[in-house]
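First the structure, in the form of structure tokens, and then the observations on it.
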Amino acid sequence: MCNFLIFDKKRYVCRTVFKKVSLQYVLDYLEQKRAKNNGELDRVIMEGKHQPIVTKEEFERVQGLLAEWNAESRNYRKNKGVYSEDLWRRKLRCQCGHAFAKTKWHTKTDFVTYTYKCYDQTRTGTVAARLKNGLSIEGVCRVSLVQDWKMYTMAQKVLHAVFDDPEGTLKNAAAVLGCGTAGVEQAEVLWDKSIIEERLKKEQGRYETLLDMRMNNEIPKEVFSRKQQEVEKKIAELEQQMMQYGDVKPVTEADGSGKLDGLQRLMEQSTMPEDGEFSEEEMDKYVSGVRVYEDRFEWLLNLNPDARGGLDNDAGSPVYFKKITVTPDDERAWFKKHPQWSKSNRYAELETWIFI
């Protein structure tokens with residue numbers, strides 16, 4: 001049993017008790033040891049026969065109010081600690097929605113390098129750590145740690161890809177926003193995404209049908225369990241495929257026009273650094289944020305640098321612009337310019353998508 005508090009914003013109104021659905025089961029009735037039910041046994045929610053203290057309609061109405069009131073606080077907790085003097089703590093967001101924590105990576109004399117870890121992993125532990133300790137990795141964020149040198153290396157290449165050729169950038173952006181010749185890749189990405197979305201909806205529909213059939217005793221438990229596993233596996237695979245498309249969305253006429261105007265102003269305001277290397281201040285100015293995925297990084301340009309945008313701000317739907325790859329040679333060249341950094345022994349290509 002668990003206590004549930006029904007309240008308005010200023011005071012408690014009443015207190016009632018609801019039946020808690022157990023998420024554990026007994027491994028051995030003699031030892032009475034419990035284990036978390038990760039699908040080994042079916043979970044069935046049955047409606048109770050006892051006299052309720054409040055009606056079902058009242059309960060559901062309060063649930064709706066709680067969800068509405070707590071939306072902002074939940075978002076705050078998810079991104080707690082985002083405001084920071086550190087550039088990448090402000091800019092980075094994980095594919096799961098959390099911000100990143102900053103920790104020391106290496107110390108070289110009096111110079112310290114850092115790495116960034118998804119806040120969710122500070123609570124659950126990383127996949128590698130949980131596997132090492134024999135723990136389940138179900139629902140655990142799989143994004144790898146992000147070293148600071150990777151962010152600086154990518155930032156240089158992203159900004160050069162945008163500002164080295166302002167005229168070419170504007171021409172390509174106009175085509176992408178209008179789905180012209182250079183927007184063919186955008187259109188293909190959207191088409192592929194729509195196909196996977198339809199397949200996902202179909203499998204989710206199959207899952208709901210299976211549940212209805214089982215609840216109505218139209219299929220035996222063994223058949224339901226086998227079919228359930230098959231459908232859940234397909235849904236998980238399709239959801240994983242959907243994640244690779246990130247924030248790619250169709251461009252509306254108004255959004256496209258506004259983004260092109262913003263990019264035009266950005267090109268007019270920007271100046272190329274004399275030494276060819278963008279400063280941290282310029283990175284902060286020209287980049288709204290970076291979304292980190294398992295297989296790529298999505299960089300969102302700030303089309304209003306005077307406002308110092310961010311991923312949490314409403315800047316319209318991000319539009320996929322172009323893809324670049326940071327190569328091991330790029331990384332070695334960066335370390336050559338910054339000898340104070342502890343060199344990496346694991347150079348690898350970093351796939352980077354640029355959004356506007």
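Scope of the values below: all heavy atoms of this structure, side chains included, with no hydrogens, waters or symmetry mates.
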So, Glu280 and Tyr152: side-chain donor and acceptor under 3.5 Å apart, yes or no?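 Distance-only check passes for Glu280 and Tyr152.
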His106 and Gln147 side chains, donor-acceptor separation under 3.5 Å: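 No donor-acceptor contact under 3.5 Å links the two side chains.
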Looking at Trp334, Trp149, Phe335, which hits ring-ring contact (aromatic ring centres under 6.0 Å, His included) with Trp341?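 Per the ring-ring contact (aromatic ring centres under 6.0 Å, His included) rule, the option paired with Trp341 is Trp334, out of Trp334, Trp149, Phe335.
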Kindly check if the number of other-residue, nucleotide or ligand heavy atoms within 6.0 Å of CZ (Arg199) is above 12?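 Not more than 12 within 6.0 Å, no.
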More than 12 heavy atoms of other residues, nucleotides or ligands under 6.0 Å from CD of Glu167: is that the case?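 Counting other residues, nucleotides and ligands, CD of Glu167 stays at 12 neighbours or fewer.
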Polar side-chain atom of [X] near backbone of [Y] as donor-acceptor pair, under 3.5 Å:
X	Y	value
Arg142	Val127	no
Asp148	Thr115	no
His98	Gln121	no
Glu294	Ser144	no

Salt-bridge present (Arg296, Glu298; N to O < 4.0 Å):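 Looking at Arg296 and Glu298, the cut-off is met.
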Taking NZ, NE, NH1 and NH2 as the nitrogens, is one of them in Arg90 or Asp284 under 4.0 Å from a carboxylate oxygen of the other?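 Salt bridge flag = yes for Asp284 with Arg90.
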Hey, do the aromatic rings of Phe355 and Trp299 have their centres closer than 6.0 Å?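 Distance test on ring centres: not under 6.0 Å, no.
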State yes or no: do Ile324 and Ile356 share one hydrophobic cluster built from I, L, V, M, F, W and Y residues joined by side-chain heavy-atom distances below 4.5 Å, directly or via other members?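 Cluster IDs for Ile324 and Ile356 match.
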Extract all donor-acceptor atom pairs below 3.5 Å that involve side chains of residues 204-211 and protein atoms in other chains or at least two apart in sequence.
from	atom 1	to	atom 2	distance (Å)
Arg206	NH1	Glu203	OE1	3.2
Tyr207	OH	Gln228	NE2	3.4
Tyr207	OH	Glu232	OE2	3.2
Thr209	OG1	Gly205	O	3.0

On the ring face of Tyr114, is Lys102 found with NZ or CZ under 6.0 Å from the centre and within 45° of the axis?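 Ring-cation test returns yes.
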